There are 2 protein chains.
Amino acid sequence: MSHPDSRIAAVRRFGRFYTQRIQALREAYLDTRFSLAESRVIYELATREAVTATILGRDLGLDSGYLSRIVRRFEADGLLARERSEGDGRTRMLRLTAQGRAAFAPLDARQDALVADMLAELPDAAAAEAVAAMRRIETLLGEEPARGWLLRGLRPGDLGWIVARHGALYAQEYGWNQEFEILVARIIAEAMETFDPACEGAWMAERDGVPVGSVLLVRVDDETAKLRILLVEPSARGLGIGGRLVEECTGFARRAGYRRITLWTHSVLEGARRLYARAGYRIVETQPFRGFGQELTNEIWQLDL
Amino acid sequence: MSHPDSRIAAVRRFGRFYTQRIQALREAYLDTRFSLAESRVIYELATREAVTATILGRDLGLDSGYLSRIVRRFEADGLLARERSEGDGRTRMLRLTAQGRAAFAPLDARQDALVADMLAELPDAAAAEAVAAMRRIETLLGEEPARGWLLRGLRPGDLGWIVARHGALYAQEYGWNQEFEILVARIIAEAMETFDPACEGAWMAERDGVPVGSVLLVRVDDETAKLRILLVEPSARGLGIGGRLVEECTGFARRAGYRRITLWTHSVLEGARRLYARAGYRIVETQPFRGFGQELTNEIWQLDL
DNA sequence: GTCAGTTATCTGCCGATATCAACTATTTCG
DNA sequence: CGAAATAGTTGATATCGGCAGATAACTGAC
């Protein structure tokens with residue numbers, strides 16, 4: 001994959017870059033009547049219909065006591081109204097008044113202007129790319145990484161992804177050497193050169209636009225299909241992706257008229273073995289195997305359809 | 001890509017996202033003896049050899065009076081030394097002492113750990129993409145983007161990366177179909193199965209822990225080597241990476257005693273052709289070629305050593 | 001229903017943070 | 001040389017922001 005340390009360094013450098021250059025955009029509050037914290041509070045209030053102080057404090061990372069004072073000041077200035085909520089007598093719903101919105105407008109406009117100025121300095125394509133990159137970061141690092149994922153066919157780059165992730169993950173998790181990655185490249189090349197969509201299949205699992213799993217089903221003979229290179233990224237395990245990939249192969253093989261599916265795995269691959277067992281596969285043969293810098297035990301599993 | 005207004009909104013949303021989620025990374029200073037401002041100061045001091053207070057204040061956006069006090073505190077604690085600079089009697093060069101570096105180390109480690117934790121939660125591809133996106137933003141918005149990169153040997157996952165990026169980039173830039181990605185997988189598999197480190201080489205260019213280029217030099221016969229699958233990511237072009245990769249092959253081939261290097265390319269690949277020409281290669285043969293869903297013209301180039 | 005425990009909000013307290021302006025020591029420039 | 005600019009220091013001061021304790025309201029177990 002690549003040296004994690006230099007990724008860490010890159011993220012930290014971005015942090016410094018950001019606080020130095022982009023952070024200026026958050027300073028729109030200067031020469032307004034608001035402090036930074038106040039401007040963040042009024043932004044949230046203007047964006048939402050009504051909030052409780054606790055939620056506001058949690059979202060903005062503000063101390064409840066500090067926030068309480070800000071709210072009191074805003075109320076005294078007529079910028080917001082507090083109403084006891086009917087459901088819970090402890091909480092008060094905070095809501096901007098018309099006057100509050102009027103006070104927010106210039107701040108909001110100023111923020112827009114600062115951002116617009118920054119973007120205007122860039123060629124259009126560069127601005128578009130920068131914005132796209134920001135969106136991408138949000139998606140990738142976002143709070144709740146969508147539990148959603150999808151199954152799709154192959155796209156350019158997927159074959160290489162399969163090779164790369166097999167190489168990197170098996171090296172990391174089991175210490176297998178480069179022989180294995182080379183073997184996967186050969187398997188992929190040979191399988192795809194003779195690929196027949198009528199009786200063979202390849203599926204990728206994708207989450208947030210990033211591949212997180214793969215599987216191949218190839219023809220051996222009229223009655224036998226072979227499941228190959230099943231892989232699920234560690235970070236995407238536990239979502240049922242592996243099971244779904246195996247299932248997809250089973251369904252496809254049935255429809256294509258095969259009588260059985262075989263596959264080849266190793267006794268050390270606990271997770272994969274559990275998947276196969278749960279899908280009804282049984283071990284039909286084992287044999288010692290020396291390769292990838294290891295002493296392994298090969299297993300051939302089979303599922304009768 | 002989109003309406004300027006929605007770009008502005010996207011940039012502002014990213015600002016909020018960042019201060020909420022990533023900003024946590026800047027809070028490594030909590031439970032250390034330093035305040036946020038102090039931790040930023042000591043970071044800068046640890047990174048640079050020696051600085052004046054004014055430069056430090058400008059770079060970090062700190063008030064000179066405030067900074068002066070921080071510096072005095074650090075000096076009292078023995079973390080830094082001040083020496084009158086010989087050129088200008090007004091300025092004092094600030095420099096961390098050994099004790100200062102020792103005090104910085106745990107803070108630095110903590111920052112690294114926080115970032116590492118964050119990245120570890122992501123699929124590898126997602127982490128790589130997020131880092132690349134950050135880097136992209138820096139390049140696009142930054143004053144002068146860091147131009148650093150390095151040349152290294154193969155690591156797990158690199159072979160797959162080569163296949164993936166060839167597949168994805170040639171599809172995107174020239175519309176080549178999957179045949180090409182499959183061919184690259186085969187080339188890689190065959191080259192690596194018989195790889196002989198004594199007379200063959202493989203190099204990756206890496207930036208911020210992310211691969212951005214590759215090249216292979218393989219043996220044809222005792223007198224002839226072949227340069228293959230040269231690639232540089234679009235985002236890393238213009239840094240001289242391509243030229244350096246070609247040069248690395250030339251040097252290696254000379255040392256290994258080859259008499260010539262040949263390579264195989266296509267007339268549409270303008271950038272690569274310019275590189276070869278500049279390195280002294282000459283076209284020795286061209287022939288029409290149908291493949292990858294295109295009508296192309298193959299070229300064989302050669303460099304006599 | 002009672003009571004212990006929890007949650008939402010407010011208030012007092014107070015050190016740390018950060019800003020402004022005045023001041024000294026040098027340097028630079030006309 | 002003298003005025004203006006620059007580097008850095010210091011004093012005064014506002015306010016930021018975190019903590020602890022108080023109060024009121026809710027929740028769940030019994």
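No experiment lies behind these values; they were computed from the predicted model shown. In the text below, chain A, chain B and the rest are named by the order of the sequence lines, each starting its count at 1.
- Of the candidate nucleotides dG8(D), dT11(C), dT7(C), dG8(D) has the atom lying nearest to any side-chain atom of T91(B).
- Distance, L56(A) CG to dA8(C) P: 14 Å, rounded to whole Å.
- Comparing dT10(D), dT26(C), dG8(D) against the side chain of T54(B) picks out dG8(D) as the nearest.
- Of the charged side-chain nitrogens involved, none lies within less than 4.0 Å of a carboxylate oxygen, so that R40(A) and D59(A) do not count as a salt-bridged pair.
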Nucleotide N/O to protein N/O under 3.5 Å, stretch nucleotides 14-18 of chain C:
| residue | atom | partner | partner atom | Å |
| --- | --- | --- | --- | --- |
| dA18(C) | OP2 | Y66(B) | OH | 2.1 |

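- Looking at R273(A) and Y281(A), their side chains never bring a donor and an acceptor atom within 3.5 Å of each other.
- The pair D108(A)-R101(A) fails the salt-bridge criterion, with no side-chain N (NZ, NE, NH1 or NH2) lying under 4.0 Å from an Asp/Glu carboxylate O.
- If you check distances only, the side chain of R90(A) does reach the base of dT7(C) with a donor-acceptor pair under 3.5 Å.
- Between R84(A) and dA8(C) there is no side-chain N or O to OP1 or OP2 distance below 4.0 Å.
- Under the 3.5 Å distance criterion, the side-chain polar atoms of S68(B) are left unmatched by any main-chain donor or acceptor of S64(B).
- Atom CG in L60(B) sits roughly 17 Å away from atom C1' in dT19(C) (whole-Å rounding).
- When the nucleotides dT6(C), dA7(D), dT9(D) are ranked by their closest atom to the side chain of S64(B), dT9(D) comes out on top.
- Between R33(A) and E38(A) there is no salt bridge, since none of the side-chain N atoms of the basic residue sits less than 4.0 Å from a carboxylate O of the acidic one.
- Counting only distance, with no hydrogens or angles, the side chain of R237(B) and the backbone of V232(B) share a donor-acceptor pair below 3.5 Å.
- In this structure, S68(A) reaches the bases: a heavy-atom distance under 4.0 Å links it to at least one base atom across the strands shown.
- For R92(A) and dC26(D), the CZ to P distance is 11 Å, given to the nearest whole Å.
- Distance I70(A) CD1 to dG18(D) P: 11 Å, rounded to the nearest Å.
- Looking only at distances, no side-chain donor or acceptor of T97(B) sits under 3.5 Å from a matching main-chain atom of A81(B).
- One interatomic measurement links the two molecules: CG of L67(A) to P of dC16(D), which rounds to 13 Å at whole-angstrom precision.
- Distance from the side chain of R82(B) is smallest to dG8(D) among dT10(D), dT26(C), dG8(D).
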